[in-house]
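First comes the structure, then the notes that go with it.
Order of the sequence lines sets the chain letters (A, B, ...), proteins ahead of strands, with each chain counted from 1.
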Amino acid sequence: MMIDEGNPDIFPILYDQNCKLCKMHEFTDEVCEPGFGRNDADILIVSRMPNSPTYQELIEQELMAAGIELERCFFTAVVKCRSFDQDPGRKGIKTCAENYLLREIEALKPKFILGFGNEALSALTGHSGIMKWRGRVEEKYGAKVLITVSPASVTRNPGQKGAWQADLQLFASTINGYTDGLQPPKISIVNTKEKLIKLKQLLYKAELIYYDIETHGQDEWDAKGGIVSLAGTMVVNKSIKTWVIPLHHPESPFRKDWQKVLLYLKPALEGIPKQIAHNGKFDAKWMRAYGVMMKVTFDTLLAAHLLDENRLKGLKPLGRMLLGVAPWGIDTKDLWNQPLRPILNYNCLDTFYGYHIYLILREQLIAQPRLLRIFTLLTMPANEKLIEAEMRGHWIDRERLATATKIAFDMRDEIDRQLMEFVPDIPLTEGSMGTGVPWPKMGKKQKYAEVNFNASNWMRWFMFDWLEFPVIERGKKKEDGSLGDPSLAEATMIQLKDLYPDHPVLKLLEERSKWQKYCSTYVSRYSEIIDENDRIHTVFKLAGTVTGRLSSGKEDEEKISARKDRGRGVNLQQVPRDPFIRGLFGAPPGWTFVEADFGQIEFRIAVFISRDANGLRLIRSGVDVHLEMAAKMTGKPKSQITPQERKAAKPVNFGYLFGMWWKKFMKTAKEKYGIDFTEEAAQQSRRDFFDMYPGFVRWHNRQRRIVNEYGRVQSPIGRVRHLPDIFSADKMVHDEAERQAINSPVQSFASDMCALSMILIDNEFKRRGIQGHVLALVHDAINFEIKNEDLARALPIIKRIMENLPLKKKFGVDLDIPIVADIKVGSHWGDAKELTDEQVYNFAKYYDEFVEERIAA
DNA sequence: AGTCAGCGCGCG
DNA sequence: AAAGCGCGCGCTGACT
């Protein structure tokens, strides 16, 4: 320790070497280790437990690197007793913090507090969830408090190091002030008619705008909601101007005619060539809902994610890291009831800093031409298509939904009724039923549990205590090291059913979980959010995954409130394949639902990348690779393979392709397919796979070599996956990064092919005036709705484009393997029928066979 | 009454 | 030697 300890006698009263407030004193060499540093320190550094010399050194190094003077720091810990093999538990942490840490803070009165790890987070702020709360500056104890992840987790996952250092930078800037930040802009508040007229004139001349809106209400269709304000930073004649218009807010002069204000500016706004925003899909959707057809030509969130898929993508973290600007902002919840002026100011700052972030990201993309190509040819055009798809929504058959809802609830309720016959009929107030088996009590108040056939503690009691089924598997070990709860997962139920094939309770439960999930996640959810045009909406994220795949769901803000106002978004990528659910989705009368999916695309891409000779041969001759594997595994001729054997071969192909080990194969074969493999047979299946595709071994080794050397891998078109965890000292973390290095380029390329297909197909539809719309992207499939009379023209376009993507022309990739797009059509998703090539290319001949003429109700 | 993590399961 | 990869969401039970 380099620093002068000052006067160590100032705190002696705080620490108690005989402390027995928790059990930690039994497991440590030094009970209640004191903090250290100068007694006049104004910075308090809080770790989980007293640091080992290694971590102390690491922390000091990084603090100095960030520009924090160690002489001003006092180091301490949440839990004062250090032990590597004993967990203090939630209670221990709380007790220790209340008795020592909080008193240290009282005595020291620091101006700045830095906490490392989840324990510091909960002890200092009362929050939990380190990944959510890290990197925020809060006012507490008369100090500025910032929590970041622990040095231990950074060492274990080197991928976190960048963000960790950024957090330390933020802490340093909080102490030392922001030296490199931009001067905030001069803001013009457009709150009179005259100013509006002037703004419109300037907008006509603007070559670029970075825009942002603040909103209030559940979504853009919420009749009670609206756009609170619209801000822009624009470039007019080489000069930058930042402005904001107050709109739908009680203090706004335009509160009554704010929609007219937007329409007044509409032609000027729409004509601006470069329209930039952060997560601009959100802003564009709102603006379009009120008639202003804003575009997003460059999205700073999407650019940031493409450049580094692991980074924090919010505007504030980017401002901090790219511009050195202090986090700005207000609480954006319920803007209607907040004073207007701070909202306007905040709205402006978003666009001003966003514009400067744009300038930097743009340069970074230009410096990496392959990423720039992906951005301009894939990311931004896909974003436009998704705006349209999200606004349109996916048609749902309202009648079928009503029927299905009734059936699903009836089925579940009937199963519950039958299950109740096995539940002992005793008053809940009695603790035991004369069997020595107590009816379970719940929580601190020791209330008697209510019957609950979901995965609840009552259910655990019912299955394992009352009915005395054997415990097959347990969940994660508890904090105190005790056994985990008995598992109620479907997989263990299947195993129980093997042991007791005729037990009526097991039979009932097998059916119940399906209906329960259908009720909660699907039918009742769809009923909640179906709109007046019989459509449900999703929010696709182009920056929702590390591989470039899309994710589907709802806006982040809508996830926060769990119960009421659950938001309108629904995940379109997890709709059960069961026709009972997929049969609810479809196309309205006069239109037909079309699903086009890439057949075995990941397998084909793996063959393309690895150049495996046998794989190339099989694909080029159009062989069914799963059937091939089944034949290899069973030693039978292909003609004698049963459907079940082929089904079992599928996980072999996809699992081993991406680095699965035989034990996991054995487990999934048993749990998912109910097929028993001996250890020998499972090991043999893995050997069979790599015997069949020896090129995959070389490809796996190559990916491992690349990621170990460069810490990153690339897809064929140059999408980058950064894998800093490859530098972890932890073998499991390292190995995981190796498997990700194998999987990522394949998954990335497949999803980019799908996105490109969506863009090109939609362009072609528009060019030819075909009435057809993209509804959803489901990873390697695209859902469309197409006007019946245009089907014969549309289907060949879809198939031709997907099977002949211009990858050579656009990305310099010569995809020299056959790609197959399977086309299904029908009135509904669940009963869409697959077409042969002949039927696709001559659809007019088959129209009557596949198209059902329906009349709108 | 709201928040959060863990679990389990829907999809590719 | 040996933990396929990538997601979102509902429910429970613990907490504030």
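- Proximity of A/Asn457 to the phosphate of C/dG13: a side-chain N or O atom is located under 4.0 Å from OP1 or OP2.
- Counting atom types as modelled, A/Arg549 pairs a side-chain N or O with a base atom of B/dG12 as donor and acceptor under 3.5 Å.
- Side-chain atoms of A/His734 and A/Asp725 form no donor-acceptor pair, as typed in the model, at a separation below 3.5 Å.
- Donor-acceptor pairing under 3.5 Å, judged by distance alone, is absent between the side chain of A/Gln740 and the base of C/dC5.
- Separating the NE2 atom in A/His537 from the CG atom in A/Asp219 is a distance of 8.0 Å, to the nearest 0.5 Å.
- The CE atom of A/Met459 sits 13 Å away from the P atom of B/dG8 (whole-angstrom rounding).
- Within the 6.0 Å centre-distance limit, the rings of A/Phe453 and A/Trp458 are counted as a close aromatic pair.
- With a cut-off of 3.5 Å on both Watson-Crick or G-U wobble distances, the partner of C/dG4 is given as none.
- In terms of phosphate contacts, A/Arg686 brings no side-chain nitrogen or oxygen within less than 4.0 Å of OP1 or OP2 of C/dG4.
- Atom CG in A/Leu488 sits roughly 9 Å away from atom P in B/dC9 (whole-Å rounding).
- Nearest nucleotide to the A/Ser456 side chain, out of C/dT12, B/dG10, C/dG4: C/dT12.
- Between A/Trp458 atom CH2 and C/dG13 atom C1' the separation is 17 Å, expressed in whole Å.
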